[in-house]
Structures are given as C-alpha cells and as structure tokens.
> 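Below is one structure. I have some questions about it.
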Amino acid sequence: MVRVTTSNRREVLRAGAGLVAGGALAAGCGAGQTAAPTTPGSASPSAARASGHPSAGAQAAPAPRAYPGLPAQITHGPRTRPQVALTFHGQGDPGIAHSLLSTAEQHGARLTVLAVGTWLDEHPDVARRILDGGHDLGNHTQRHISVNTMAEAAARKEITDCADRLKRLTGSIGTWFRPSRSPTASPLVARLAREAGYPHVLSYDVDSLDYTSPGAAAITRKVLAEVRNGSVVSMHFGYPGTVAALPDVLHELDRRKLRAVTTTELLS
C-alpha cells in the first residue's frame with residue numbers, strides 16, 4: 001500500500017493544482033497513444049532567450065558514448081549488478097518535474113530524463129536543473145509525435161531539432177535518444193539517431209504505465225512486480241500519481257538493495 005505522508009500529500013495537491021491551472025497532462029509513449037499538448041510555459045520569450053545557452057561557468061553536459069558489445073537498441077543493463085535506471089519522459093508541468101527530481105535526490109537516487117524539445121523551449125531552466133542534480137539528460141524528439149511513422153526528412157528534423165536545443169542549453173546533444181510514441185525505434189529512426197550522434201537508442205524492459213493515470217498504488221505495484229537487476233524503467237513527468245508513487249518505489253528498491261542510478265552508470 002502506498003504511504004502518503006503529510007509532506008508528499010501536499011506535494012501531490014500542489015502538483016495537481018498546477019495541472020488544473022496549466023492545462024492537459026503530457027501523453028505517454030505507448031503504441032497508439034494520441035498526442036496531447038504540453039503545459040504552457042510561464043517563462044517569457046525574453047527569459048527563454050536569456051536562458052538559451054549554458055549558464056556562465058557551467059560545464060558542458062556529457063556527450064553520448066558508444067558501448068561496445070551492447071546492441072543498437074538497449075532495453076536493459078547488466079543483470080549481474082544490483083542497479084536499475086528509472087527513466088522519465090520529460091514533458092508536462094515543470095512543478096511535477098522539480099518534485100520528482102527532488103524526491104529522487106532525497107533518496108540518493110539519480111534519474112535519466114528524456115526531454116521533449118518543445119518542453120525545453122517553454123522551460124529552458126529545467127535542463128540545467130536536471131544536470132545540476134546529477135541526472136542524465138537526453139533527447140525525446142522535438143514535438144513528441146510518432147517519429148517512427150514519419151518520412152525520413154521529417155523524422156531527422158524531429159531528432160536534430162531537439163538535439164540542437166539540448167546543445168544550446170547545456171553544451172551537449174544529451175547522452176541518450178529515445179523515440180517518441182514507441183518503445184523502440186524503426187530501422188530508419190535508429191539510423192537517423194546514429195547520424196545525429198547517438199550510438200544507441202534507449203528503450204526499456206519495465207513500463208510503469210503511469211501515463212494511463214492508474215493511481216499511485218497501481219504504478220508502484222507494476223514497477224516492483226517487474227523490476228530486477230539491470231532494469232530500465234519507463235516513467236513520465238506530468239502525472240501526480242507518479243509523484244505519489246516514487247517514494248514507495250525508491251523505498252522498496254532500497255529494501256531490495258537495488259540502487260537507482262543514471263543509465264550512464266548502469267551501463268558503465
């Protein structure tokens with residue numbers, strides 16, 4: 001049963017209120033999902049431009065790297081080490097994103113965030129927030145539409161437009177690429193990602209289904225029933241149920257002595 005403390009109940013209520021005020025939730029990436037608009041950003045265009053480059057004195061973010069011996073599409077890490085990667089599709093209300101990042105950090109966990117380019121346009125500060133917290137940051141296409149169904153030129157633009165935003169904000173195109181609206185990339189999209197600088201496509205072996213809004217208890221049960229050494233878990237920013245579920249997920253992972261680490265650490 002999910003434990004909801006006074007403090008995280010307040011977090012969930014605040015996040016939910018932000019969603020009601022801000023608009024629709026971010027859509028998930030399950031097959032057949034229809035697109036949903038992102039939450040409108042509060043930053044003005046001038047503020048976004050001011051933040052449209054790495055902060056003064058900030059180090060450039062890590063770049064993608066190739067992992068010899070691993071497949072082009074990675075679904076999990078080594079099964080021999082007690083580590084897992086919690087990966088989040090980056091879109092939706094930034095208040096929820098900040099809450100999830102803070103919760104992870106309070107538990108000594110690190111996340112992998114695959115950001116949507118339009119979300120970065122609306123909330124440019126969140127890219128540096130993710131990196132400053134010690135988390136991985138990657139590319140989840142520019143507009144979060146079904147990239148596998150697009151013509152080559154359009155699919156390439158979806159990948160490179162998001163990469164360009166990441167590079168402008170952090171100095172790097174991000175460490176990972178994950179296709180939007182599908183757990184795996186088509187051969188064409190995998191090739192375009194390689195050409196854009198991403199040696200691997202990051203998939204997953206555990207889908208939390210949090211984007212269906214099943215409630216915190218259901219999210220927790222789904223993840224904990226399937227997670228094991230080396231798992232890569234798919235979750236989403238933008239959903240209050242995920243905020244409520246994450247403390248229990250992290251507590252149980254800790255009880256099982258499974259460390260939640262970045263995907264980079266998981267595969268290193």
> Does any non-hydrogen side-chain atom of Val201 lie less than 4.5 Å from one of Thr184?
no
> Pick from Gln142, His89, Gln91, His144: which one makes a side chain to side chain contact (heavy atoms under 4.5 Å, CB included) with Ser180?
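Going through Gln142, His89, Gln91, His144 one by one, the side chain to side chain contact (heavy atoms under 4.5 Å, CB included) with Ser180 is satisfied by His144 alone.
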> Check the pair Thr263, Thr112 against side-chain hydrogen bond (donor to acceptor under 3.5 Å, both in side chains), reporting the backbone distance first and the verdict last.
CA-CA 6 Å; Thr263 305; Thr112 299; 2.8 Å; yes
> Are any side-chain N or O atoms of Thr103 and backbone N or O atoms of Ser99, one a donor and one an acceptor, separated by less than 3.5 Å?
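Yes, the answer is positive, given that a donor and an acceptor are paired below the 3.5 Å cut-off.
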> Before accepting this row, confirm whether a basic side-chain N of the pair Glu158/Arg143 lies closer than 4.0 Å to the acidic partner's carboxylate O.
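Answer for the salt bridge query: yes.
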> So, Thr87 and Arg178: side-chain donor and acceptor under 3.5 Å apart, yes or no?
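Thr87 vs Arg178: donor-acceptor pair found between side chains.
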> So Thr175 and Pro64, do their side chains get closer than 4.5 Å, heavy atoms only?
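Side chain of Pro64 against side chain of Thr175, heavy atoms only: no contact under 4.5 Å found.
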> Using the salt bridge (charged side-chain N to carboxylate O under 4.0 Å, His left out) rule, take Lys157 and Asp164 through it: C-alpha gap first, then chi angles, then the decisive distance, then the call.
CA-CA 10 Å; Lys157 183 172 172 59; Asp164 289 345; over 6 Å; no
> Working note: Asp121 + Arg165, criterion side chain to side chain contact (heavy atoms under 4.5 Å, CB included); need CA distance, chi angles, decisive distance, verdict.
CA-CA 8 Å; Asp121 288 341; Arg165 278 147 180 82; 2.9 Å; yes
> For Pro240 and Ile96, work out which heavy atoms get closest and say how close.
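So the minimum-distance heavy-atom pair works out to N-CD1, 3.9 Å.
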> Does a side chain donor of either Asp248 or Thr220 reach within less than 3.5 Å of an acceptor in the other side chain?
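Asp248 vs Thr220: no donor-acceptor pair found between side chains.
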> With heavy-atom distances below 4.5 Å as the criterion, would you say the side chains of His251 and Pro247 are in contact?
no
> Check whether any side-chain heavy atom of Leu209 sits under 4.5 Å from a side-chain heavy atom of Ile219, and report yes or no.
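Not touching, per the 4.5 Å side-chain cut-off.
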> Does the side chain of His76 come within less than 4.5 Å of Val206's, by heavy atoms?
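The answer is no, as the side chains (C-beta and beyond) never meet within the 4.5 Å cut-off.
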> What closest approach, in Å, do Gly230 and Val84 show between heavy atoms, and which atom pair accounts for it?
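Distance-wise, the nearest heavy atoms are N-CG1, 4.4 Å.
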> Can any side-chain N or O of Lys222 pair as donor or acceptor with the backbone N or O of Asp207 at less than 3.5 Å?
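Answer holds: yes.
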> Report yes or no: does Gln73 contribute a side-chain atom to a donor-acceptor pair with the main-chain N or O of Ala185 at less than 3.5 Å?
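Side chain of Gln73 to backbone of Ala185, a donor-acceptor pair under 3.5 Å: yes, one is there.
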> In the structure I gave you, are the side-chain heavy atoms of Tyr204 and Thr75 within less than 4.5 Å of one another anywhere?
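No - every pair of side-chain heavy atoms lies 4.5 Å or more apart.
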> Side chains of Asp210 and Thr242: donor-acceptor distance under 3.5 Å anywhere?
yes
> Go through the steps for Arg191 and Glu152 under the test side chain to side chain contact (heavy atoms under 4.5 Å, CB included), then give the verdict.
CA-CA 10 Å; Arg191 174 173 64 80; Glu152 181 170 346; 3.1 Å; yes
> Taking the basic N atoms (NZ, or NE/NH1/NH2) and the acidic carboxylate oxygens, is any pair closer than 4.0 Å for Arg259 and Glu265?
yes
> Between Leu267 and Ile74, what is the shortest heavy-atom contact and its length?
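Result for this residue pair: CD1-CD1, 3.7 Å.
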> Can you tell me how far the OG atom of Ser208 sits from the CG atom of Leu224, to the nearest 0.5 Å?
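One finds 11.0 Å between OG of Ser208 and CG of Leu224.
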> Supply the atom-to-atom distance Ile130 CD1 to Leu137 CG, rounded to the nearest 0.5 angstrom.
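Separation between the atoms: 5.0 Å.
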> Inspect the contact between Arg129 and Glu105 and indicate whether a charged nitrogen and a carboxylate oxygen are less than 4.0 angstrom apart.
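So Glu105 pairs with Arg129 through a salt bridge.
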> Let me confirm one number: the CG-CZ distance from Asp93 to Phe237, rounded to the nearest 0.5 Å.
11.5 Å
> Can you confirm whether Leu101 sits close enough to Leu111 that some side-chain heavy atom of one is under 4.5 Å from a side-chain heavy atom of the other?
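Yes. Closest side-chain heavy atoms under 4.5 Å.
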> Centre of Tyr198's six-membered ring, under 6.0 Å away, within 45 degrees of the axis: is that where NZ or CZ of Arg194 sits?
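No.
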> Could you report the tightest heavy-atom contact between Leu86 and Ala260, atom names first, then the distance?
CD1-CB, 4.2 Å
> Whether the side chain of Asn139 engages the backbone of Ile159 through a donor-acceptor N/O pair (distance < 3.5 Å, no angle test) should be reported.
yes
> Classify the ring geometry of Trp176 against His200: parallel below 30°, tilted from 30° to 60°, perpendicular beyond 60°.
tilted
> Taking all atoms of both residues into account, what is the closest heavy-atom pair of Ala245 and Ala216, and its distance?
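Between these two residues, the closest heavy atoms are CB-O, 3.6 Å.
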> Between the main-chain N or O of Pro183 and the side-chain N or O of Ser203, is there a donor-acceptor pair closer than 3.5 Å?
yes
> Can you tell me how far apart CG (Asp136) and OG1 (Thr262) are? Round to the nearest 0.5 Å.
4.0 Å
> Taking the six-membered ring where the residue is Trp, are the ring centres of Trp119 and Phe88 under 6.0 Å apart?
no
> Of all the heavy-atom pairs spanning Ala85 and Leu266, show the shortest one and how long it is.
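Closest heavy-atom pair between Ala85 and Leu266: CB-CD2, 3.8 Å.
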> Is there side-chain contact between Val126 and Leu120, with at least one heavy-atom pair below 4.5 Å?
yes
> Counting only N and O atoms by type, is there a donor-acceptor contact under 3.5 Å from the side chain of Thr170 to the main-chain atoms of Lys167?
no
> Would you find a donor on one side and an acceptor on the other, under 3.5 Å apart, between the side chain of Ser231 and the backbone of Val233?
no
